[in-house]
Amino acid sequence: MPLHEWCDREGWDGVHHLWITELLRWIKPRLPEGYRAYIGVAPTLAVGAPVERPDVEVRRWTEHADRPVADAVPSTSGSDVAEPDEEIAVATLDPGTAVFVEHQGRLVAAVELISPRNKDRPVARSTYVARYLSYLLEGAHLLLVDVHRRPLGFSFADEIARELQMSQPSLPPPCAVSYRVGEPAATGGRILAIWRRPLTVDQPLPSLPLPITLEISISIELEATYARAASDAYLP
């Protein structure tokens, strides 16, 4: 089934759930012995500092540890508690689900389908760039798929390349990118292999590798898994 135009189409949440499930079903029987795949809630923030020094410096989105803490306000109780000046509803970040591959208790690979909520605000874009980078800095391979072209002019693939100080042609969404974290580089850090594919509305989706080791990758048929998900969601 060719890729749908997702700018104004409803029903992404259902397709996201079904597509993640189809990706899990595709990956599980193709894993070597000792590996397991599962659907989990992805961490909202970076999973931690890299064990080894990365090839380039990557900015962090954390508060400065030495920032002074505001003076504590004495607690009050009962009628002494003042009413708030205003109460409003605020948007929250989508925790999201992803397919994870583990080996001996260690995360080795992840598949992430980007949702509109992952990039609808500056804070969301910064947070998710940090999350996707954290996989790579921790040594986990990553397959990232974004079928949503909006907001125009923003691309997670481009932002990751910029943060890693890599010179690459722009890859606007819809697109899919696979990253393999490789062996240590002579100059420090690790070698990063990248497969970048543009996606086209009304055209079949490509296949991309999901590396789980330096030597072993699973070929992910995005077209087959997307077609089953879209069919189950009754997308024409």
Side-chain angles (χ1 to χ4, degrees), residues 2-17 19-20 23 41-47 54-63 90-99 110-138 140-181 192-206 208 210 220 222 226 229-230 235:
L3 179 66
H4 295 82
E5 171 61 75
W6 282 103
C7 281
D8 300 308
R9 180 180 293 273
E10 297 181 352
W12 168 252
D13 286 344
V15 171
H16 182 279
H17 173 78
W19 198 1
I20 280 287
L23 288 166
V41 176
T44 302
L45 298 176
V47 297
D55 291 334
V56 297
E57 182 180 357
V58 178
R59 292 197 300 269
R60 302 294 182 186
W61 287 267
T62 56
E63 296 294 330
V90 296
T92 58
L93 294 176
D94 181 13
T97 56
V99 177
V111 180
E112 292 256 8
L113 300 179
I114 294 171
S115 292
R117 290 186 296 273
N118 299 157
K119 53 179 179 173
D120 60 354
R121 289 158 289 146
V123 66
R125 294 192 285 270
S126 295
T127 298
Y128 281 93
V129 168
R131 180 166 110 184
Y132 303 144
L133 281 170
S134 74
Y135 290 121
L136 307 180
L137 296 178
E138 289 289 339
H141 315 293
L142 175 63
L143 174 58
L144 199 60
V145 182
D146 186 358
V147 300
H148 306 278
R149 67 176 69 251
R150 293 178 179 171
L152 298 178
F154 177 82
S155 166
F156 277 116
D158 291 351
E159 288 300 308
I160 291 172
R162 185 175 296 112
E163 290 297 328
L164 295 177
Q165 300 180 13
M166 295 162 39
S167 178
Q168 292 186 317
S170 179
L171 184 65
C175 64
V177 189
S178 181
Y179 301 90
R180 184 187 68 201
V181 183
L192 188 65
I194 307 173
W195 293 261
R196 308 164 85 240
R197 299 290 185 271
L199 307 181
T200 304
V201 173
D202 294 331
Q203 295 297 318
L205 284 76
L208 274 173
L210 174 65
I220 305 296
L222 296 177
Y226 176 80
L235 292 186

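For clarity, every value in this text was computed on a predicted model and none was experimentally measured. Because only heavy atoms are used, hydrogens play no part in the values below, and waters and symmetry mates are left out as well, while side chains stay in.
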Q: Please examine the side chains of Phe154 and Arg125, heavy atoms only from C-beta on, and report whether any two atoms are closer than 4.5 Å.
A: yes

Q: Check whether any side-chain heavy atom of Asp13 lies under 4.5 Å from a side-chain heavy atom of Arg117, and answer yes or no.
A: yes

Q.
I want to check something: taking the side chain as every heavy atom from C-beta on, are Leu208 and Val177 in contact at a cut-off of under 4.5 Å?
A. no

Q | Partners meeting side-chain hydrogen bond (donor to acceptor under 3.5 Å, both in side chains) with Tyr179 (sequence neighbours left out) | A | none

Q: First locate atom CG of Leu144, then atom CD1 of Ile160, and finally report the distance between them rounded to the nearest 0.5 Å.
A: 5.5 Å

Enumerate, atom names and distances included, each donor-acceptor pair closer than 3.5 Å involving a side-chain atom of residues 192-201, sequence neighbours excluded.
residue : atom : partner : partner atom : Å
Arg196  : NE   : Gln168  : OE1          : 3.2
Arg196  : NH1  : Pro169  : O            : 3.3
Arg196  : NH2  : Pro169  : O            : 2.7

Q. Just by distance, do the side chain of Asp146 and the backbone of Cys175 share a donor-acceptor pair under 3.5 Å?
A. no

Q.
Once rounded to the nearest 0.5 Å, what's the spacing between atom CD of Glu163 and atom CG of Leu136?
A. 12.0 Å

Q: Rounded to the nearest 0.5 Å, what's the gap from OG on Ser178 to CG on Leu143? Could you check?
A: 5.0 Å

**Q.** Check: Tyr135 and Glu112 side chains under 4.5 Å, non-hydrogen atoms
**A.** yes

(Q) Heavy-atom count check: over 12 atoms from other residues, nucleotides or ligands less than 6.0 Å from His4 NE2? (A) yes

Q) With under 30° as parallel and over 60° as perpendicular, where do the rings of Tyr128 and Tyr132 fit, or are they tilted in between? A) tilted

**Q.** Glu5 (side chain) donor-acceptor with Cys7 (main chain) under 3.5 angstrom
**A.** yes

Q. Are the side chains of Asp202 and Leu3 in touch, meaning some heavy atoms are under 4.5 Å apart?
A. no

Q: Calculate, to the nearest 0.5 Å, the distance between atoms NE2 and CZ belonging to His148 and Arg9 respectively.
A: 11.5 Å

Q: Would you give the length of the straight line joining atom CZ of Phe156 to atom CZ of Arg131, rounded to the nearest 0.5 angstrom?
A: 9.0 Å

Q: Kindly say whether Ala124 contributes a backbone atom to a donor-acceptor pair with the side chain of Thr127 at under 3.5 angstrom?
A: no

Q. Does any N or O in the side chain of Lys119 come within less than 3.5 Å of the main-chain N or O of Ser155, such that one atom is a donor and the other an acceptor?
A. no

Q: Compare all side-chain heavy atoms of Ile114 with those of Val145 and state whether any distance is below 4.5 angstrom.
A: no

Q. Looking at side-chain heavy atoms only, is the closest gap between His16 and Ser115 below 4.5 Å?
A. yes

Q) What's the spacing between Leu210 CG and Leu23 CG if we round to 0.5 Å? A) 9.5 Å

**Q.** Shortest non-hydrogen contact from Pro206 toward Leu222
**A.** O-CB, 3.2 Å

Q. So do the side chains of Val181 and Leu142 get within less than 4.5 Å of each other, counting heavy atoms only?
A. no

